[in-house]
There are 4 protein chains.
Amino acid sequence: MKQQQKPKYKQIIDAAVIVMAENGYHHAQVSKIAKQAGVADGTIYLYFKNKEDILISLFQEKMGLFVEKIRQEIAGKSTSKEKLLTLIQKHFSMLAADHHLAIVTQLELRQSNKELRLKINEVLKGYLMVVDEVLTVGKETGEFRDDLDVRLARQMVFGTIDETITTWVMNDQKYDLTAIAPRVHDLLIKGFGATP
Amino acid sequence: MKQQQKPKYKQIIDAAVIVMAENGYHHAQVSKIAKQAGVADGTIYLYFKNKEDILISLFQEKMGLFVEKIRQEIAGKSTSKEKLLTLIQKHFSMLAADHHLAIVTQLELRQSNKELRLKINEVLKGYLMVVDEVLTVGKETGEFRDDLDVRLARQMVFGTIDETITTWVMNDQKYDLTAIAPRVHDLLIKGFGATP
Amino acid sequence: MKQQQKPKYKQIIDAAVIVMAENGYHHAQVSKIAKQAGVADGTIYLYFKNKEDILISLFQEKMGLFVEKIRQEIAGKSTSKEKLLTLIQKHFSMLAADHHLAIVTQLELRQSNKELRLKINEVLKGYLMVVDEVLTVGKETGEFRDDLDVRLARQMVFGTIDETITTWVMNDQKYDLTAIAPRVHDLLIKGFGATP
Amino acid sequence: MKQQQKPKYKQIIDAAVIVMAENGYHHAQVSKIAKQAGVADGTIYLYFKNKEDILISLFQEKMGLFVEKIRQEIAGKSTSKEKLLTLIQKHFSMLAADHHLAIVTQLELRQSNKELRLKINEVLKGYLMVVDEVLTVGKETGEFRDDLDVRLARQMVFGTIDETITTWVMNDQKYDLTAIAPRVHDLLIKGFGATP
DNA sequence: TATGAATGAGCCTTCATTCAT
DNA sequence: AATGAATGAAGGCTCATTCAT
C-alpha cells in the first residue's frame with residue numbers, strides 16, 4: 001500500500017477519498033485512512049489539524065483542480081455557449097474518470113455537519129464564480145438573453161449538473177455520463193434565450 | 001409541551017422536525033425528540049422500529065402531503081405550463097410556510113447515511129412521477145418540445161428547484177422565495193422549447 | 001462485584017477509591033471504575049458529569065464526612081487543647097481505618113491537575129475552618145498564646161498532620177498511626193505557648 | 001532562545017523548569033522543553049534516559065544546590081536555634097528568588113506519578129538529614145527537649161515549611177515569604193521545648 | 001400502553017520515544 | 001553529536017436501544 005513517491009499530504013488525501021468512497025462518510029475512521037495511506041495514525045496529524053481538516057483539504061484540493069482545469073479548457077473556447085458546454089463536459093468527464101471521487105463529492109461529503117458544509121460551500125464559490133462569468137459574458141455578447149437573472153441561471157446550471165451527476169452515481173454509474181453533456185447543455189441553453 | 005389531542009405517531013414526527021431543525025441532524029437524539037413530544041424514550045419504540053424509521057416516516061408523511069397538495073392544485077390547471085408553474089409555486093410556498101421543515105429537508109436530512117438517503121429517494125419518486133406526468137403530457141399536447149428528454153428535463157426541474165430552495169435556506173430565508181417562482185418557471189419553460 | 005443495596009452514586013465513589021488506590025491516579029480508567037462498581041461504563045455518566053466530577057465528588061463526600069465527624073467529636077470536648085488532640089486523633093484514625101482512602105488522599109489525588117486541585121482546595125477550606133476555630137477560641141480562653149498567628153499556626157497544624165500521614169502511607173502504613181497522635185499534639189501545643 | 005555557553009545538560013534542565021512553570025506538568029511536553037532549550041527533540045535523549053529522568057535530574061540538581069547552600073550557611077552558626085532559623089530563611093529566600101522553581105517544586109512536580117515521587121523522596125532525604133542533624137545536636141546541647149522525637153519533629157519542620165510555601169505559591173506569591181521565616185521558626189522552636 | 005434507568009460499542013487525538021541521515 | 005519526521009498505544013464519552021416494572 002506504500003506510495004513513497006507522492007508527498008505524504010497528497011498521499012493522505014487520496015487515501016481519504018478511497019476510504020470514504022468504500023466505507024462511507026461515517027465509517028471513514030482516521031485509522032483506516034492512515035492504513036490506506038501507508039502511514040501511522042499519528043502521521044496524519046503532522047499534515048492535518050484534525051479529521052475535519054482532511055476533508056476540507058480534500059475538497060479544496062480536488063475542487064481547486066476542477067476549477068483550474070475547467071478555466072483552462074474554457075479559455076480556449078470563443079463563444080459562451082461553447083464555454084458552458086465545455087464546463088459541463090469537463091465536470092462530467094472528470095467525475096466519470098474518478099468513480100471514488102464522484103461518490104465522495106455527490107454522496108459522502110454531504111453527510112458532513114453544517115459547519116463543514118459551510119466551509120465546503122466557501123470552496124464551491126470559486127466554481128460558481130466561473131459559471132457566473134460565463135453567463136455574464138454571454139449576456140454582454142448577446143448570446144444569452146438580455147434579461148437573464150444570472151443568479152437564478154447559475155442555480156439552474158449548478159442544480160441541474162449536480163442532480164444529473166447524483167442520479168448517475170445513485171444508479172451505480174451504469175450509463176455514460178459524459179455522453180449526456182450535450183443534451184444537458186442544450187436544455188440549459190435554450191432556456192437562456194438562445195435561438196436554435 | 002404535551003399535545004394530547006394528536007395521535008402519538010404524528011406527535012413524534014412533528015417533534016422530530018422541530019428538534020432536528022433547531023439542533024441539527026447529529027444532535028437530534030431520540031431522547032430530545034421524546035422530550036419534545038412529551039413522551040418517554042421507550043414510547044418512541046412502540047410507534048417506530050428505530051430512529052431511522054422516524055426520519056423515513058417523517059419524510060414520507062410530509063412528502064406525501066406535498067405530492068397530494070400539488071396534485072390537487074395541478075388538477076385545476078388546464079395547460080402543462082400552468083401545471084408546472086403551480087408545482088413550483090406550491091413547492092416554494094409550502095416550504096416558505098414551514099421554516100423548520102425547510103431546514104430539515106434541505107440541510108439536515110442530507111446528513112443521513114447512504115442507506116437512509118436511498119430510502120428517502122424511494123419516497124421522492126412519487127414527486128418525480130408528478131413532474132414526469134406534467135412533462136409527458138406537455139410533450140403530447142405540443143406545449144413542450146417533441147424531442148424533450150423527459151428524464152433529463154425532470155432532473156433539471158428538480159435540480160433547479162432544489163438548488164434554489166437550498167440557497168434560500170442557507171441565506172437564512174432572507175428573501176421571498178415564493179416571489180421567485182415565476183422566474184424559475186420562465187427559465188425552465190423556455191428551455192423546454194416553448195415559444196415566448 | 002455487585003453491591004445492589006447501596007445507591008449507585010456511593011457505589012461508584014467507593015469503586016473509584018478502590019481502583020485509584022490499587023492502580024494509581026493515572027491508571028484509574030472510567031471503565032475500571034465501572035467494572036469495580038458493577039455497572040456499565042455509560043451508567044457512570046448518569047451520576048457524574050465526567051471523570052473529574054467523580055474525583056471531586058469523591059473528595060467532597062469523604063472530606064465532608066471527615067469534617068462532620070470531627071466537628072461532632074470536638075463538640076464534646078471542653079478545652080481547646082482537647083479539641084485539637086481529638087481532631088488529630090480522629091483524622092489519623094479515620095485514615096488508618098481506610099487504607100485505600102489514605103492512599104488516595106495522600107498520594108493519588110495530588111497527581112491531579114492544577115484545576116482539579118484548586119477545586120479540592122475549596123473543599124479543604126471547610127476543614128481548615130475547623131482548625132481556625134479551635135485556635136481562635138484557644139487564644140480567647142488563654143489556653144494558647146495571645147500573640148499566636150492563627151494563619152501560620154493553622155499551616156503548621158495542617159502541614160504537620162499531612163506530612164505525618166504521608167510519611168506513614170509511604171512507609172506502607174507499617175506502624176500504628178493513631179498511636180502517634182498524642183506526640184504530634186504535644187509538639188504542636190507546646191509551640192502554641194502552652195505551659196508543660 | 002539559544003544558550004550556547006551552558007553545557008546542554010543544564011540547558012535542558014533549566015528549560016524544563018521554565019516550561020513546566022509556565023505550562024504545568026501535564027503540558028510540559030518533551031518537544032516544548034527541547035524548543036525552549038534550543039535543541040532538537042532527539043538531542044534530549046543523548047543527555048537523559050527518558051522524560052522522567054529529566055525531572056528527577058532537575059530535582060536532584062536543584063535540591064542538591066539547596067542542601068549545599070543550606071549546609072554552608074548553617075556551618076557559620078553556633079547554636080541549633082540559629083541553624084534552624086537559617087535553614088528556614090534560606091529555604092524561603094531561595095524559592096522566593098526563583099518563582100519558576102517555586103511553582104515547579106510546590107505544585108507541578110507533585111502531579112508526577114507515585115514512582116517518580118518515590119524517587120524524588122530519595123533525593124529529599126539529603127535535606128531531611130540536615131534537619132535531623134540540627135535537631136539531634138540541639139538535643140545534645142540541651143537547646144531542645146531531652147525527650148524530643150526527632151523523626152516527628154523533622155516531619156513537623158518539613159510539613160510546616162512545605163505547607164507555608166505551598167500556601168504562598170497558591171496565593172500567587174503575593175506577600176513576602178522571607179519575612180515570615182522568624183515567626184515560623186518561633187512557632188517551631190517553642191514546640192521543641194525551648195524556653196523563651 | 002407507557003416508562004426511563006441501564007447498557008456498551010465505538011473512535012479521535014496526543015506525545016514520549018526511535019532511528020535513518 | 002545532532003536532527004526531526006515518523007511512530008502507535010491508549011481512553012473518555014455519547015446515545016440508540018432494551019426491558020423490568
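Just so we're on the same page: letters track the sequence lines, and every chain starts at 1. No hydrogens, no waters, no symmetry mates; every other heavy atom, side chains included, goes into these values.
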Using modelled atom types only, decide if a donor and an acceptor are shared between the side chain of A/Lys32 and the backbone of A/His27 within a distance under 3.5 Å.
yes
Is the closest basic N to carboxylate O distance between A/Glu122 and A/Lys125 below 4.0 Å?
yes
Rounded to 10°, tell me the angle between the two end axes of the helix from E/dA2-F/dT21 to E/dT21-F/dA2, each built from five pairs.
10°
Both B/Gly42 and A/Asn50 contact DNA chain E. Taking the nearest nucleotide for each, which residue is further toward the 5' end?
B/Gly42
Can you tell if the side chain of D/Lys51 reaches within under 4.5 Å of the side chain of D/Gln29, non-hydrogen atoms only?
no
Whole Å only: how far is the NZ atom of B/Lys51 from the C1' atom of F/dT18?
17 Å
Rounded to whole Å, please give me the gap between CG in D/Leu46 and P in F/dT3.
9 Å
For the pair made of OH in B/Tyr45 and P in E/dG4, what is the distance, rounded to whole Å?
15 Å
Counting only N and O atoms by type, is there a donor-acceptor contact under 3.5 Å from the side chain of C/Arg110 to the main-chain atoms of D/Gln111?
no
Sorted by position of nearest nucleotide on DNA chain E, 5' first, the leading residue of C/Ala40 and A/Thr43 is C/Ala40
Enter the distance from A/Asn121:CG to B/Met170:CE here, rounded to the nearest 0.5 Å.
4.5 Å
Figure out the NZ/P separation between D/Lys35 and E/dA16, and round it to whole Å.
14 Å
Can you tell me the distance, in whole Å, between the NZ atom of D/Lys49 and the C1' atom of E/dT18?
16 Å
Heavy atoms under 4.0 Å, any strand shown: does A/Val30 hit a base, just sugar-phosphate, or nothing?
base
D/Lys8 NZ to F/dT3 C1': how many Å, rounded?
11 Å
Using a strict heavy-atom distance below 4.0 Å, which residues from residues 20-29 of chain D are in contact with DNA chain E?
D/Gln29
Determine yes or no for a side-chain-to-main-chain donor-acceptor pair under 3.5 angstrom, with D/Lys10 supplying the side chain and D/Glu61 the backbone.
no
Value in whole Å for how far the P atom of F/dT14 lies from NZ of B/Lys32
12 Å
Whole Å only: how far is the OH atom of C/Tyr47 from the P atom of F/dG12?
20 Å
Can you tell me how far CG of B/Leu58 sits from CG of B/Asp53, rounded to the nearest 0.5 angstrom?
11.0 Å
I want to check something: taking the side chain as every heavy atom from C-beta on, are B/Ser57 and B/Tyr47 in contact at a cut-off of under 4.5 Å?
no
Heavy-atom side-chain proximity of C/Gln11 to C/Lys8 below 4.5 angstrom
yes
